Amino acid sequence: MHLKVVVVLLAVGTLTGLFVAIASIAMDPPQFHPFYYIPGEQIRFTVSILNTDPRTYDFLVAWDDGATRTNWSGDAFDDVTIAAPQLSIVETFSLPPGIPDGDYYFLEVHDQNWIENNGSGLTYDRQQFSIRTWTLNLEMDRRAYLPGDTVTIIWSVNLIRDGSLAPAGYGQLWVNDFPNGNALINPNPHLFPESAGKFSFQLLGSIPTNRFVNAVAWFNSTASNADRFAYNTAFSPVDGLRMIVNALSGTYEPGAVVTVDVSAKVTDFPPNPANPGAANVEVDITVTDQTTGRAVPQYGALNLLTDQHGNLKHVFQLNTTIADGTPFLVQAAGVANNAVTAMGSDTFLVNSRAGMILVLSFDKSQYLSGDTATMTAAVSGTTGTITYIYEARDGGTGNLLDRTTSASNRYQYLIPTTFDGSLTFSATADDGQGNRRTDARNFNVLLGILTVNLDRSEYSGGDTITAVYALTRNPAVMPTPTYYYEIIDTSRIPNVLVRSGVATAATVSYQVPGVPATQYTFRITASEAGRSIQGSAIATVVSGVLLSISFDKPSYNPGDTMRIAYELRPRGLTALPANFLFLIAMPGAPYKTVQTTASAGELTYTVPAGMNDGDLYVQVLEAYTGASTIEVVHIGGLNPFAADVGGVPAISVVLLLLVVFLFILMLVLWRRTMGGMAPMAPGERPAAPRPPPPSTATPGPAPMSVTCKSCGSAIEITTSKRPIEVMCPSCGETQMVQ
């Protein structure tokens, strides 16, 4: 809500009575357009008053162009009271659908008798606003034109409310040159009823190139009614023709294919690639041997046309018998609309060793003051004897520090111990056969490097942070520096210095207070004799949110639904928000968003059909805390021995079961051999002889026998108990006897 308080304002306006500011108006911006309200739109405004009487007012929505005045709100806001103790009131008014377009609409605040007295009394404030139904877009098809060009002007009249085209009406298009104001079309204006269309005309070839095409368009409801209207202008310069010619290489070998880029530009100044291109320019290309001054017809071309961007590319092949060192001139003559002409040119040289290449390499990618820089120049593509010219320059000022001419491809330069800043090394190689190449590299030279490392990057209240620092430099640079330390609270703006001093050891420690700042910077400065080197490191208070996830299965097939258990855990003083927005994504697959108020729970994600097989990562991101994590899952068939059973690898389970099976088998064999003796094959062990009965024994019943089903031997049975399990004494097999 806007509030405008005017302390003193006394004036006489177009309204009768005094204009006294004890009340002010603030209008809400239009809904459909940045500047215009539209018919039928509801305007919303706030009237604020000073803490004084009166508290009853008349509000008006009025049209007032200084000659005609219309009250559009009528008695809608007659005697509006701002009740104490409030000092403002909010009102709304719906603009009538039939209200005309215009710029002289006012929202006014008057004393409470204004309406009753037919516009006589005090005026406290008034705000001007505009009403439009349509917008008119007017544009030309090019940024600039040549004399004789066809100019196309495109217009569109659209409703502000929804962007649809306006109904047919009465349009006028005026086209004049600027600054003279001469008509460029006939008749002028061009009349049109359509709310969208194009109009084309041709510029005279004689129009000066210091003029502009100025188009002005009006569109009204009808020729006699301007209740609905729109207006716009368009402006484009008329300039001259310029040509850019560029042979892509400065040297070519005999028989090489030459490519020439030609650009036609619309400009009155030296052309550059950013200038508008000139389309359909007729171009003749001539290639001249500068040793003879004669054009070579097979290298040139006639009647070429530039494309819509003003460009063309000409390609030709050189003869293989051209003498080494022959220079050529390429010229492109352009004609546009038979009205304007221009020419551009470029040169190239034929050299049988045009393929000479120079490559520079260095022993380091960064140098310190006092280092010796070693540069090696590698040359290929020539058989000549190379002469090298080496230079070292101050990259900031361009001052020459060293120049050496040598037959060696190796150059060394001792960087002064007092030098720091930009340093540029360059090498020029000349093979004595007309080939010369130059290359350069720039380095940022440092006095030294001061590293600062902290024993912890995060801390809680009461923790001690220790900074370890070390200075690397050449011995002659700052041999005995003094080290200053600063511990700065960089969580505030401006930063606050917490502690500082001279460091007497290789470490600096600081105990964080119980209520710490959110960030501390440890800055170490080494200084000696007007030189200084600085390094720093940052620690932050423990904060943030950790996100942990787990999956219900180790692998999934396309189409499966993953069940992802998640938990968000805040760290330090970080508090979790009331709701969360999770984003789940896999590479090459659509992402999924989930909203929830639970900091722990389960998310689901369906693997898309056609997903690649293999180990792929799943990323889960919580948008409001920034917490994220990535886990790898397997998609597609899984080797059964690589799977898990209750968190134990399947191969381990299989091996365990195999051991158990072997143990049970051993027990069975042991039982069958009565104590572990291995059974003998049938017939391998003779039957034990029966001992004779004692002479005094009473003869018992005759023993019974059965035949062994395995080996056929007789098994004697001395009991009548049935059923009974017996074992063959020959083969050891057991069987049941009924």
Side-chain angles (χ1 to χ4, degrees), residues 31 454 456-463 465 489-493 512 515-521 537-650 652-653:
Q31 178 182 355
L454 306 180
R456 63 183 67 210
S457 58
E458 292 184 317
Y459 56 83
S460 299
D463 286 349
I465 307 173
D489 175 358
T490 47
S491 63
R492 307 184 197 179
I493 299 178
V512 176
V515 181
T518 58
Q519 178 176 284
Y520 292 103
T521 297
I538 296 175
T540 57
V541 70
V542 173
S543 63
V545 176
L546 295 178
L547 171 61
S548 61
I549 62 174
S550 61
F551 296 84
D552 61 325
K553 295 193 299 184
S555 67
Y556 301 90
N557 290 318
D560 286 354
T561 296
M562 298 178 179
R563 296 189 177 278
I564 308 171
Y566 73 90
E567 182 181 2
L568 291 165
R569 294 189 299 274
R571 305 175 67 238
L573 300 177
T574 302
L576 292 178
N579 64 309
F580 308 95
L581 175 62
F582 287 95
L583 183 146
I584 311 166
M586 294 184 69
Y591 66 86
K592 178 183 179 181
T593 58
V594 178
Q595 298 184 43
T596 180
T597 58
S599 60
E602 185 177 84
L603 307 171
T604 61
Y605 180 82
T606 300
V607 181
M611 195 72 178
N612 289 338
D613 290 351
D615 292 332
L616 302 177
Y617 68 81
V618 176
Q619 181 176 16
V620 179
L621 166 69
E622 201 291 306
Y624 301 146
T625 62
S628 67
T629 187
I630 295 176
E631 293 287 345
V632 175
V633 298
H634 187 85
I635 304 298
L638 185 66
N639 183 342
F641 291 108
D644 286 350
V645 178
V648 179
S652 300
V653 176

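This one's a predicted model, so the numbers in the text were calculated from it and none came from an experiment.
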Just verifying a value: how many Å separate [X] [atom1] and [Y] [atom2], rounded to the nearest 0.5 Å?
X: N557; Y: M611; atom1: CG; atom2: CE; result: 13.0 Å
X: L576; Y: L568; atom1: CG; atom2: CG; result: 6.0 Å
X: D560; Y: T606; atom1: CG; atom2: OG1; result: 9.0 Å

Would the number of heavy atoms belonging to other residues, nucleotides or ligands and lying under 6.0 Å from CG of L573 be above 12?
no

Can you name the closest pair of heavy atoms from [X] and [Y] and give their distance?
X: P558; Y: A609; value: CB-CA, 4.1 Å
X: A585; Y: L583; value: CB-CD2, 4.0 Å
X: P608; Y: A589; value: CG-CB, 3.7 Å
X: Y520; Y: V512; value: CE1-CG1, 4.1 Å

V618 vs I584, side chain to side chain contact (heavy atoms under 4.5 Å, CB included): CA-CA, chis, key distance, verdict
CA-CA 7 Å; V618 176; I584 311 166; 4.1 Å; yes

Between M562 and V633, is a side chain to side chain contact (heavy atoms under 4.5 Å, CB included) present by the stated rule, with each step listed?
CA-CA 10 Å; M562 298 178 179; V633 298; 3.7 Å; yes

Tell me, with the steps shown, if L616 and V632 meet side chain to side chain contact (heavy atoms under 4.5 Å, CB included).
CA-CA 5 Å; L616 302 177; V632 175; over 6 Å; no

Test log, rule side chain to side chain contact (heavy atoms under 4.5 Å, CB included), inputs Y459 and L454
CA-CA 11 Å; Y459 56 83; L454 306 180; over 6 Å; no

Test item: [X] side-chain N/O and [Y] main-chain N/O as donor-acceptor pair under 3.5 Å:
X: Y605; Y: Y591; value: no
X: E622; Y: A627; value: no
X: K592; Y: F582; value: no

Might you work through the side chain to side chain donor-acceptor pair (under 3.5 Å) test for T521 and T490, ending with a clear yes or no?
CA-CA 6 Å; T521 297; T490 47; 3.0 Å; yes

Determine all donor-acceptor pairs shorter than 3.5 Å in which one atom belongs to a side chain in residues 538-554; sequence neighbours excluded.
from: S543; atom 1: OG; to: V541; atom 2: O; distance (Å): 3.3
from: S548; atom 1: OG; to: R569; atom 2: NH1; distance (Å): 3.2
from: D552; atom 1: OD1; to: Y556; atom 2: OH; distance (Å): 2.3
from: D552; atom 1: OD1; to: R563; atom 2: N; distance (Å): 3.3

State, yes or no, whether a side-chain contact exists between [X] and [Y] at a heavy-atom distance under 4.5 Å.
X: E602; Y: I564; value: no
X: Y624; Y: N579; value: yes
X: I635; Y: N612; value: no

